[in-house]
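Let me begin by presenting the structure, written as structure tokens, before commenting on it.
Predicted model only: the values in this text are computed from it and were never measured. Throughout, a chain's letter reflects where its sequence line sits, starting with A, and its residues are numbered from 1.
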Amino acid sequence: MSPPLVTLNNLEVHFPVGKRLLGPAPVVRAVDGVSIRIMPGQFYGLVGESGSGKTTLGRAILRAVPIAAGSGTWEDSEVHYDLHRMTPAETKDFRRRAQLIFQDPYAALSPRMTVRDIIAEPLEVMGLTGSRQETDERVREIAAKCRLNLEHLRRFPHAFSGGQRQRISIARALVCSPRFLIADESVAALDVSIQADILNLLKSLQNDLGLTFLFISHDLSVVAHTCDVVSVMYLGTLVETAPTRRLFTAPRHPYTQALLSAIPSLDPDDRGRAQRLSGEIPSPINPPSGCRFHPRCPHAAPVCTEKIPLPEPADDEHHTVACHRFRELERRGALLERTRVRKLDAKA
Amino acid sequence: MSGGGALIEVEDLTVRFRTDEGLITAVESTAFRIAPGEVLGLVGESGSGKSVTAKSLMQLNAGNTLYDPASRISLHLDGRTVDVLGLKRARDLMVVRGGAISMIFQEPMASFAPGITIGRQMVEQLELHTDLGKRAARDHSVEMLERVGISDAGRRFDQYAFELSGGMRQRAMIAMALSTRPRLLIADEPTTALDVTIQAQVLELMKELVAEFGMAILFITHDLGVIAQTADRVAVMYLGRIVETGPVRDVLRHPAHPYTRGLLDALPKLDALDQPLTPVPGDIPSPLERPSGCVFHTRCPEVIQDRCGVELPTSMEVGERHRASCLRLEKAGELVTG
């Protein structure tokens, strides 16, 4: 089996907040000890609510924010990089291999550049083509792959709808033939009828070009439909990681279960089934001790306030859960409140 | 006109905006009614005109708005009928603005004045719309903040919007909107900016409050799941027209209009993980290029060539109180086209 494309071990990202006269400035631990492995060809999902650190984690992989502690490595068939330490030449090469698709297709495109120039810019900046003709050829090729009309290349972004703009953003990210793409809330700003089109496009591009994706989203239904593996983040830590179907049919962590049950069901007769989580996500500046979820967890016990739970395999190494009590609770049947997916599976 | 027991009746509402590019139609020949205590969900994508429709009920649209002369909005209050679009002076509009109708918005940070405390804003509207004195208005406001689940309400009362978290701001917004006991609450995407666990809390709260206060709600959202969880009836809007309306169960289980079906098929569903997502083909047309005939014909997979682009579909009864506007339904021969 080939090695993981991206490996993170206990990765931490800190941001300074305010200043103090003496001693070190206080920091927000936006990402606090996250370990993940993204295999080549995977569509890896990262879900969490606002402030969970999912965007920061993505940026840390792309070296857009400094890594405070822990390690990260990149390994494809050609090169091996330490994400923590890279020479400028390595960074430049890495930028060609790993790209980002942004959330807001209205803010991500310069209004003063034509679509052709927007898509061609990475090629020019990285010096990947020898002539204008070669650039144009490559732009046309990638635009066609992203189902953009070739006449559109001469126009400016304002002439396009949200869905078309997102296709332009995707073409720009793909033009330098990266191996790995991070899609950070890339369909969140789109209408439902358009969203499905972009999701299908990302999936078909993944198949055709052999890409690896990190798909960051707050929308669990979208993640369930696109990703192979999903990690759930809460306040800078990973609470659960599992193959998609398993995560959605048999979640083990109390937070994942509550999160899934909070999604409004399309069935009007299925009202009021949400396990109500009290309170809100605490501030990451002063996170709760022990398990970060314990102030909102319906099953919190004294051990949860004292000890930080580490991810441990639930059934096998593919499914990990960071909770002190999930086995004990499952034995006692306290976590039997399963999601509606489980219920429907049983019915079928 | 009695209104058949309706609290508010909208008939033939057409709203246009004067812009540099010409006259833009945002809402066209829209009609619906809401009974007291009823929750009507208005669902649609961006540009469908759902917010413009809602704002028309309080005449909150911008200065370049033109209401077509045929448009009528009637509010039935204790035996008298208010012609909302006929109200001209700000004083007269107070009947609807904050009086019989309150509104909560998507972005609570943008809806509270940043430099005035939450409490001051709550008391101000009570002074305008009720006979409560300062002291009583304060007590009532703190009580409302407690009712929506804000702990330490006395302290929160004296805080500014920026000091509250997103979920708490939305709760404060709801408390403020309900403190004048409106007959109709317009909720414009009230949970869209919230995280899903907080959204569940706010929806739960709204359901409790409807039961307690007995007001009607016009619930605007793009999220069909939220509609399924809150509404009694739903109206689906596309490009300024209501294409389908009916009881929420019937519309979600037996959608009659191709657009409603398309929306449901495009939606990722947790109970059908293997079902591929089917996008609605094409893009939402720009408001400057409004399609003729049926507004949906440019994207409709069931379009009838030579007809849908020319003929305007009439609203057809497809079930009990369940109506849809599509030529395909007329062809089925339940009614003859006018």
Side-chain angles (χ1 to χ4, degrees), chain A residues 48-52 159-164 190-201 203 218-226 244-245 248-249 255 258-272 274-281 283 296 339-341 343-345 347, chain B residues 44-48 149 165-168 191 193-201 203-204 207 222-232 234 238 247-253 259 262-286 299:
Chain A
E49 300 183 277
S50 38
S52 61
F160 296 95
S161 67
Q164 287 170 319
L190 304 176
D191 279 309
V192 175
S193 71
I194 310 293
Q195 174 180 296
D197 178 50
I198 297 295
L199 290 175
N200 289 346
L201 174 66
K203 284 297 257 190
H218 71 284
D219 190 330
L220 290 132
S221 322
V222 167
V223 168
H225 270 266
T226 41
T244 305
R245 179 159 281 277
F248 283 90
T249 50
Y255 176 64
L259 199 60
L260 289 179
S261 81
I263 306 169
S265 163
L266 263 181
D267 181 355
D269 291 323
D270 193 15
R271 288 188 180 179
Q275 295 175 31
R276 220 170 130 185
L277 274 190
S278 55
E280 303 191 19
I281 302 176
S283 153
R296 299 177 76 198
T339 64
R340 58 181 78 97
V341 184
K343 199 185 77 182
L344 285 154
D345 272 4
K347 238 193 261 171
Chain B
E45 301 182 288
S46 34
S48 62
S165 67
M168 217 182 310
T191 59
L194 304 176
D195 280 314
V196 55
T197 58
I198 310 297
Q199 165 172 288
Q201 292 172 8
L203 291 180
E204 187 73 20
K207 275 187 243 174
H222 69 282
D223 188 333
L224 286 164
V226 170
I227 289 283
Q229 292 296 305
T230 48
D232 302 314
V234 56
Y238 183 77
V248 69
R249 271 179 196 75
D250 299 351
V251 173
L252 291 182
R253 289 198 188 139
Y259 176 62
L263 267 189
L264 284 165
D265 289 344
L267 201 64
K269 284 174 278 299
L270 279 183
D271 45 21
L273 289 183
D274 298 322
Q275 193 184 309
L277 303 177
T278 319
V280 180
D283 276 304
I284 301 171
S286 130
R299 300 175 72 194

What distance separates [X] [atom1] from [Y] [atom2], expressed to the nearest 0.5 Å?
X	Y	atom1	atom2	result
B:T278	A:N200	OG1	CG	8.0 Å
B:H222	A:L190	NE2	CG	11.0 Å
A:S265	B:L224	OG	CG	11.5 Å
B:D283	A:F160	CG	CZ	10.5 Å
B:I284	A:S193	CD1	OG	5.0 Å

Picking from [options], which has the most non-hydrogen pairs under 4.5 angstrom with chain B?
options	answer
A:A196, A:G163, A:G162	A:A196
A:L199, A:D197, A:D219, A:T244	A:D197
A:Q195, A:Q164, A:H218	A:Q164

Taking all atoms of both residues into account, what is the closest heavy-atom pair of [X] and [Y], and its distance?
X	Y	answer
A:S278	B:Q201	C-NE2, 3.7 Å
A:V192	B:A266	O-CB, 3.7 Å
B:A228	A:L266	CB-O, 3.5 Å
A:E280	B:S165	OE1-OG, 2.6 Å
B:Q229	A:P264	CG-CB, 3.7 Å

For [X], which atoms come within 4.5 Å of any heavy atom of chain A: side chain, backbone, both, or neither?
X	value
B:L252	side chain
B:D265	neither
B:L264	side chain
B:T230	backbone

Per side-chain contact (heavy atoms from CB on, under 4.5 Å), A:H225 is matched among B:L270, B:L277, B:D274 by B:L277

Given the options [options], which has more heavy-atom pairs under 4.5 Å with chain A than any of the others?
options	value
B:P281, B:P279, B:G282	B:P279
B:R299, B:Q199, B:Q275	B:R299
B:A272, B:P268, B:G149, B:G167	B:P268

Cut-off 4.5 Å, heavy atoms of chain B, and the answer for A:S50 is both

Could you give me the CA-CA distance, side-chain angles and deciding distance for B:R253 and A:D269, then say whether salt bridge (charged side-chain N to carboxylate O under 4.0 Å, His left out) is met?
-> CA-CA 11 Å; B:R253 289 198 188 139; A:D269 291 323; 2.6 Å; yes

Contact check, side chains of B:V196 and A:E49, non-hydrogen atoms, under 4.5 Å | yes

Taking the side chain as every heavy atom from C-beta outward, state whether B:D271 and A:D267 have any pair of such atoms under 4.5 Å apart.
-> no

